[in-house]
There are 2 protein chains.
Amino acid sequence: MHKEAWTFFPHAGSRHVQTLRVALKLFVKNGFFNTSIQELCSEAEVSIGFFYNHFSDKEGIARELYRHLLARMNVLLDDIEERHMGNRDRCEAVLRMLFGLAEAEPEAMGFVVNARHREFLPEEQAICSASAFVRMRGFVFAGITEGEIREMEPMVAASLMYGSAIRMICLRLDGLVDTPIEPFFDSLWEGVWRSLKPV
Amino acid sequence: MHKEAWTFFPHAGSRHVQTLRVALKLFVKNGFFNTSIQELCSEAEVSIGFFYNHFSDKEGIARELYRHLLARMNVLLDDIEERHMGNRDRCEAVLRMLFGLAEAEPEAMGFVVNARHREFLPEEQAICSASAFVRMRGFVFAGITEGEIREMEPMVAASLMYGSAIRMICLRLDGLVDTPIEPFFDSLWEGVWRSLKPV
DNA sequence: GTCTATATCCTGATAGAC
DNA sequence: GTCTATCAGGATATAGAC
């Protein structure tokens, strides 16, 4: 897998996927509740009938989008676990991946980190309880156990590990950083690692 | 000002404020769009007529809430600026204040850090452009200029400074941390400062 | 200023032809 | 499977009495 594969939609094409893409765009730009099915169908150039045959209802398309993006993150994490054995290296690779995704697919990233999914998918767990995020924290916990990371409360360590990068991504998505953030990665990672490396 | 004063609603009592409090609760619990004016008025024990006489419309009460909370944060920042002269100390005090607010007023904190205000207040700027957040970053920028903080990209430094605490607060608000986070403050601050202190 | 009753609009979802 | 026309419901906001 190459860096170019850091994308949430590796295969495009079908009207089904096209509708998902338009839903993603509109949900991120205007929010789930400000997006009507009419607008969505019109923009995706599909009929209302097509929509209801492919997605159970409005929540249905949001749910499919949500699960697709989280599943995709899990695939990317699989790849990271294969390529890196140390926990420190895995965490660094995760942060680099997040930076890459934020630039390559800002809308998907916005939907993952910014949207309040519970408001329109009440039956879903909080996103930070989702498998992908649990695994990410798992790298940190294992790093502490194995002595790669300084001894401290696991949740504090996880916040130190991922909080700064997520913050930077939010600032980027909100337009407060007006250039790609990838060039800042090394500097950010240096700071993060200083806070976590053993003394 | 004492620690107990770290609250978003220092004065309670009037039906107007009571309505704001109920709106805050419902907006955070169910979201702005899932909260009907009927439900809001019924829970706050005010009539629809009262509501429309005191708030221009549904957006109006959300806007008042939003501006009140940000104004309150500015007051708390004023206090921090008075009590602390160094930029490092100011940043530490800000983080401590955020931890305190998250425990004392989780709903208000949730509305500030989690809600997607742009979806229901389209004319407002992104919250991280709001005065309070600009001032918070200003402490970091000044710290770099004055040599208190290690030389680096200002936005990277701001992310390192505030990202971890905000992350931890989100984990707490989402229920992934089930005990008050204030006892973790010293450990978190130690990590944050390691990432930012001059070498 | 405050209240109740109501009008108006728009949305999600369906029915039924093809 | 796909489409168009339509329905039913619920929401916001207002009208008008007190």
Side-chain angles (χ1 to χ4, degrees), chain A residues 9 11-68 107 111 115-124, chain B residues 11-68 111 115-124:
Chain A
F9 290 107
H11 312 294
S14 70
R15 276 199 298 175
H16 186 96
V17 170
Q18 171 63 12
T19 310
L20 280 171
R21 279 189 164 282
V22 170
L24 174 62
K25 185 183 87 178
L26 293 176
F27 289 168
V28 170
K29 189 172 63 146
N30 303 325
F32 177 84
F33 294 100
N34 289 320
T35 302
S36 74
I37 291 180
Q38 279 215 331
E39 180 189 8
L40 169 50
C41 291
S42 143
E43 189 123 342
E45 293 176 334
V46 299
S47 69
I48 302 264
F50 177 90
F51 179 89
Y52 278 100
N53 276 334
H54 280 252
F55 310 98
S56 58
D57 55 11
K58 194 181 172 188
E59 274 188 35
I61 194 170
R63 194 178 304 113
E64 180 166 337
L65 205 47
Y66 180 77
R67 294 187 177 165
H68 172 81
E107 284 163 356
F111 191 75
R116 301 309 302 160
H117 313 96
R118 305 295 294 272
E119 290 183 13
F120 48 90
L121 299 176
E123 81 286 1
E124 296 283 343
Chain B
H11 311 294
S14 71
R15 277 199 298 176
H16 186 97
V17 170
Q18 171 63 11
T19 309
L20 281 171
R21 280 189 164 280
V22 170
L24 174 62
K25 186 184 85 177
L26 293 176
F27 290 168
V28 170
K29 188 171 64 144
N30 304 325
F32 177 83
F33 294 100
N34 289 321
T35 302
S36 74
I37 291 178
Q38 278 213 332
E39 180 189 7
L40 169 50
C41 291
S42 143
E43 190 122 344
E45 295 178 331
V46 300
S47 69
I48 302 265
F50 178 90
F51 179 90
Y52 278 100
N53 276 335
H54 280 251
F55 309 99
S56 58
D57 55 10
K58 193 180 170 187
E59 273 187 37
I61 194 170
R63 194 179 304 111
E64 181 167 336
L65 205 47
Y66 180 76
R67 292 188 178 164
H68 172 79
F111 191 76
R116 302 308 302 158
H117 314 96
R118 304 294 294 272
E119 290 183 12
F120 47 90
L121 298 175
E123 82 284 2
E124 296 283 343

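Each chain gets a letter, A, B and so on, in the order the sequences are listed, and its residues count up from 1. The structure displayed is predicted, hence computed values, not measured ones.
Between Y52(B) atom OH and dA5(C) atom C1' there is a gap of 14 Å when expressed in whole angstrom units. Computed from coordinates, the F51(A) CZ to dA15(C) P distance equals 17 Å when rounded to whole Å. When the P atom of dT11(C) is taken as reference, atom CD of E59(A) falls 18 Å away, rounded to whole Å. Atom-to-atom, CZ of F50(B) to C1' of dT4(C) comes out at 16 Å; the value is rounded to the nearest Å. When the C1' atom of dT6(C) is taken as reference, atom CD1 of I48(B) falls 12 Å away, rounded to whole Å. Put simply, CD on E39(A) is 16 Å from P on dA13(C), counting in whole angstrom units. Protein atom CZ of F55(A) is 16 Å distant from nucleotide atom P of dT14(C), rounded to whole Å.
Extent of DNA chain D lying under 4.0 Å from chain A heavy atoms, first and last nucleotide in 5' to 3' order, is dT2(D) to dT4(D).
Aromatic ring centres of F111(B) and H117(B): separated by under 6.0 Å.
Annotation: E39(A), atom CD; neighbour count of heavy atoms from other residues, nucleotides and ligands within 6.0 Å is above 12.
Ion pairing between R116(B) and E119(A) fails under the 4.0 Å rule for side-chain N and carboxylate O.
Within the nucleic acid shown, T35(A) comes within 4.0 Å of sugar-phosphate atoms alone, with no base atom in reach, counting heavy atoms only.
Side chains of H16(A) and E64(A): a donor-acceptor N/O pair is present below 3.5 angstrom, by distance only.
Here the rule is ring pair (Phe, Tyr, Trp, His ring centres under 6.0 Å) with F27(A), and of F33(A), Y66(A), F32(A) only F32(A) fits it.
Between E123(A) and R63(A), some side-chain heavy-atom pair lies under the 4.5 Å cut-off.
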